[in-house]
There are 2 protein chains.
Amino acid sequence: MTKEKPIPGAYGARSRAADTGQRVYEALRQKAIDYTLRPGERVNEVRLASELDVSRTPVRAGLNRLVSEGFLKLVPNKGFYRPAIDIETIRSLFEMRSAIELLSVRLFCERAGDDQIDALEHLATVFQRADDTLSVPQIVDEDERFHESIAHGSRNSEAARLLSDMNSRMRFLRLVALERQNCNQVTGEDHARIARAIRTRDSAQAVALMREHIDLMLNDVTEIAREAVVRIYLGAGASESGDNTFS
Amino acid sequence: MTKEKPIPGAYGARSRAADTGQRVYEALRQKAIDYTLRPGERVNEVRLASELDVSRTPVRAGLNRLVSEGFLKLVPNKGFYRPAIDIETIRSLFEMRSAIELLSVRLFCERAGDDQIDALEHLATVFQRADDTLSVPQIVDEDERFHESIAHGSRNSEAARLLSDMNSRMRFLRLVALERQNCNQVTGEDHARIARAIRTRDSAQAVALMREHIDLMLNDVTEIAREAVVRIYLGAGASESGDNTFS
DNA sequence: GCGTTTGATTGTGTATACACTTAAGATGAC
DNA sequence: GTCATCTTAAGTGTATACACAATCAAACGC
């Protein structure tokens, strides 16, 4: 064992720190989203800290926040755990997301300004036009953008916040789901239809379409979960972020 | 025979170890719920730490968790803030709670076992019978118990978790709301009706009743918020816990 | 007088030290 | 060989030290 850090007073080398906390938090969040932190495993704070080149303090701060977001569980005196993947939780996520989206789209119809509707239609159009030139991760990005802009336009801050959380936790699953059923075309058309219903302020119709659009995935939950587990443990999961995107 | 821990209490003021983290977290959460941490104000970590007789470390851990639960905001280099009360957020909370409850009651009808329905009916009956012998905080307790047991029985873990969070954040508001409109009697009857609809597995009816039951408060949001602000700044709010801790 | 600058104070953000808990490996008894 | 106990290593939980950012106030210039 070699001694390091013999000089407690010499701070200069590390003193940059403007946004350490936020940076670490986002890095951890990303690791949780793409399942670099594997389900069922304990999170090693020391290892994470040295990987991110910081001390354990900001790491623990970030981990604590991820607990309340549902990404991690804290077992006293044992540490932080990434919860195991189980069908019940996945189903819960899809169902809750559905409830939030249905609320959002209804409120959007009632409250959104015409400019916001324009923006939404634009998103749907661009998405539909881009067609199959997009990679699967890009499709998920577009899909999230569409849905979250509805949540924002609904002027319900909780809906926006919670939908964003849900989407982060489900991102990997939706990646798998979209890849399986080749949904890009279908998704684009769905969005366009929803946008049209919103344009006419037909809230009932918009809600119905949205329900249909979302519930599609609920049917395949079991298959999606199974596929996801395989991906995670074969290490193919992290490929979406950064440079190495497959198509 | 398990090994005897030689000195559980001998560390004295230094390290009581047992459950400090959890205890501190719950204390902070309570302070957030009853608005001992005042809206718009910065949270002073040092003061909190000395009040709770611990160091800043577990305090910061707890505060970080409360950020993700929506109780606090973190402004870099300035600290943790309790967000100011504003009508938009309160309305968002009521709306989101409604969406979660409607999902819960529908799923409950579909999935709950007969024993869970029995338990629910029991809650409703006891509540209704207790009538006006209950104090307002007790009524809120009973009300939360009823609704959260529906969320649990729905077998949707996200619904249960999020409803619990929402209720905590709204607890103070509901206290005010119930006190204003003298709802105890009405609430009890509503619960009984909902329970009857659930008994017959009439999900549409149950959802309709629940919507009606919850949306009552939405109408008074503005008044409720105004009253709440008065209470908070007059310091009368903390009285519900029976523990006069505002200092 | 009024605005600007600068000094001191307060408080946050991170690193590090240390105590305690848990888990695993080694040693010994039977 | 198997089980129990001791030893030891690893890792979490808390406290503390210290650098830096923000804030307030007093001094100064105009």
Side-chain angles (χ1 to χ4, degrees), chain A residues 1-28 37-38 40-68 72-82, chain B residues 1-28 37-38 40-68 72-82:
Chain A
M1 304 160 195
T2 55
K3 276 244 183 186
E4 329 176 40
K5 294 276 168 199
I7 335 159
Y11 243 92
R14 282 287 191 80
S15 65
R16 56 102 172 95
D19 58 339
T20 306
Q22 190 63 18
R23 182 176 61 83
V24 169
Y25 166 68
E26 281 165 12
L28 293 174
L37 304 177
R38 299 248 172 102
E41 264 188 16
R42 188 173 58 77
V43 175
N44 189 323
E45 299 174 7
V46 180
R47 197 166 52 75
L48 272 181
S50 74
E51 273 180 34
L52 298 171
D53 200 35
V54 293
S55 80
R56 280 173 54 212
T57 307
V59 172
R60 280 180 67 86
L63 294 176
N64 269 303
R65 287 176 61 179
L66 293 175
V67 167
S68 293
L72 296 174
K73 297 263 181 246
L74 176 57
V75 181
N77 283 325
K78 297 197 60 179
F80 296 89
Y81 284 80
R82 186 84 171 93
Chain B
M1 181 80 76
T2 56
K3 49 193 168 191
E4 187 95 20
K5 281 300 150 205
I7 346 164
Y11 323 130
R14 261 307 161 86
S15 70
R16 325 174 50 108
D19 57 339
T20 307
Q22 190 64 19
R23 183 176 61 83
V24 169
Y25 166 68
E26 280 165 12
L28 293 174
L37 304 177
R38 299 246 172 101
E41 266 187 16
R42 188 172 59 76
V43 174
N44 189 322
E45 299 173 8
V46 180
R47 196 166 54 75
L48 272 181
S50 73
E51 273 179 32
L52 298 171
D53 199 35
V54 294
S55 80
R56 279 173 54 214
T57 308
V59 171
R60 281 181 65 85
L63 294 176
N64 270 302
R65 287 176 62 177
L66 293 176
V67 167
S68 294
L72 296 174
K73 296 258 182 249
L74 175 56
V75 182
N77 284 326
K78 298 196 60 178
F80 296 89
Y81 284 80
R82 186 85 171 91

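We name chains A, B, ... by the order of the sequence lines, and we start the count at 1 in each one.
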Using whole Å, report how far [atom1] of [X] lies from [atom2] of [N].
{"X": "A:Asp19", "N": "C:dT14", "atom1": "CG", "atom2": "C1'", "value": "13 Å"}
{"X": "A:Leu63", "N": "D:dG13", "atom1": "CG", "atom2": "P", "value": "10 Å"}
{"X": "A:Gln22", "N": "C:dT14", "atom1": "CD", "atom2": "P", "value": "10 Å"}
{"X": "A:Tyr25", "N": "C:dG13", "atom1": "OH", "atom2": "P", "value": "15 Å"}
{"X": "A:Arg65", "N": "C:dG13", "atom1": "CZ", "atom2": "P", "value": "11 Å"}
{"X": "A:Leu74", "N": "D:dG13", "atom1": "CG", "atom2": "C1'", "value": "10 Å"}
{"X": "B:Tyr81", "N": "D:dA22", "atom1": "OH", "atom2": "P", "value": "11 Å"}

Q. Would you call B:Val67 and A:Asn64 a side-chain contact if the rule is heavy atoms closer than 4.5 Å?
A.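 Counting from C-beta outward, B:Val67 and A:Asn64 never come under 4.5 Å.
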
Q) Can you find a heavy atom in the side chain of A:Leu66 that is under 4.5 Å from one in the side chain of A:Tyr25? A)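 With C-beta onward as the side chain, the pair touches.
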
Donor-acceptor pairs under 3.5 Å, side chain of residues 54-63 of chain B to any protein atom, not counting sequence neighbours: which ones?
unit_1: B:Ser55; atom_1: OG; unit_2: B:Thr57; atom_2: N; d: 3.2
unit_1: B:Arg56; atom_1: NE; unit_2: B:Glu45; atom_2: OE1; d: 3.1
unit_1: B:Arg56; atom_1: NH2; unit_2: B:Glu45; atom_2: OE1; d: 3.1
unit_1: B:Arg60; atom_1: NH1; unit_2: B:Glu45; atom_2: OE1; d: 3.3
unit_1: B:Arg60; atom_1: NH1; unit_2: B:Glu45; atom_2: OE2; d: 2.7

For [N], does OP1 or OP2 lie under 4.0 Å from any side-chain N or O of [X]?
{"X": "A:Thr20", "N": "C:dG13", "value": "no"}
{"X": "A:Arg60", "N": "D:dG13", "value": "yes"}
{"X": "A:Ser55", "N": "C:dA15", "value": "yes"}

Q. Can you name the residues that form a side chain to side chain donor-acceptor pair (under 3.5 Å) with A:Glu26, not counting sequence neighbours?
A.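 By the side chain to side chain donor-acceptor pair (under 3.5 Å) rule, A:Glu26 matches A:Gln22.
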
(Q) Looking at the base of D:dG11, is there any donor atom on it, or on the side chain of A:Arg56, that sits under 3.5 Å from an acceptor on the other one? (A)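 Donor-acceptor pair under 3.5 Å: no.
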
Q: Verify, without hydrogens or angle tests, whether A:Ser68 (side chain) and B:Arg65 (backbone) share a donor-acceptor contact under 3.5 angstrom.
A: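 Pair found, side chain donor or acceptor close to backbone of B:Arg65.
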
Q | salt bridge (charged side-chain N to carboxylate O under 4.0 Å, His left out) partners for A:Glu51, two or more places apart | A |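 Partners of A:Glu51 by the salt bridge (charged side-chain N to carboxylate O under 4.0 Å, His left out) criterion, ordered by chain and then number, come out as A:Lys31, A:Arg47.
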
**Q.** Minimum-distance nucleotide to B:Asn77 side chain [options: D:dA15, C:dT21, C:dG13]
**A.**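 The closest nucleotide is C:dG13.
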
Protein-nucleic acid N or O pairs under 3.5 Å, nucleotides 8-11 of chain C:
unit_1: C:dG11; atom_1: OP1; unit_2: B:Asn44; atom_2: ND2; d: 3.0
unit_1: C:dG11; atom_1: O3'; unit_2: B:Arg42; atom_2: NH1; d: 3.2

Q: Under the side-chain contact (heavy atoms from CB on, under 4.5 Å) rule, collect the residues that match up with B:Lys78, sequence neighbours excluded.
A: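 For B:Lys78, the residues satisfying side-chain contact (heavy atoms from CB on, under 4.5 Å) (neighbours in sequence not counted) are B:Val75, B:Tyr81.
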
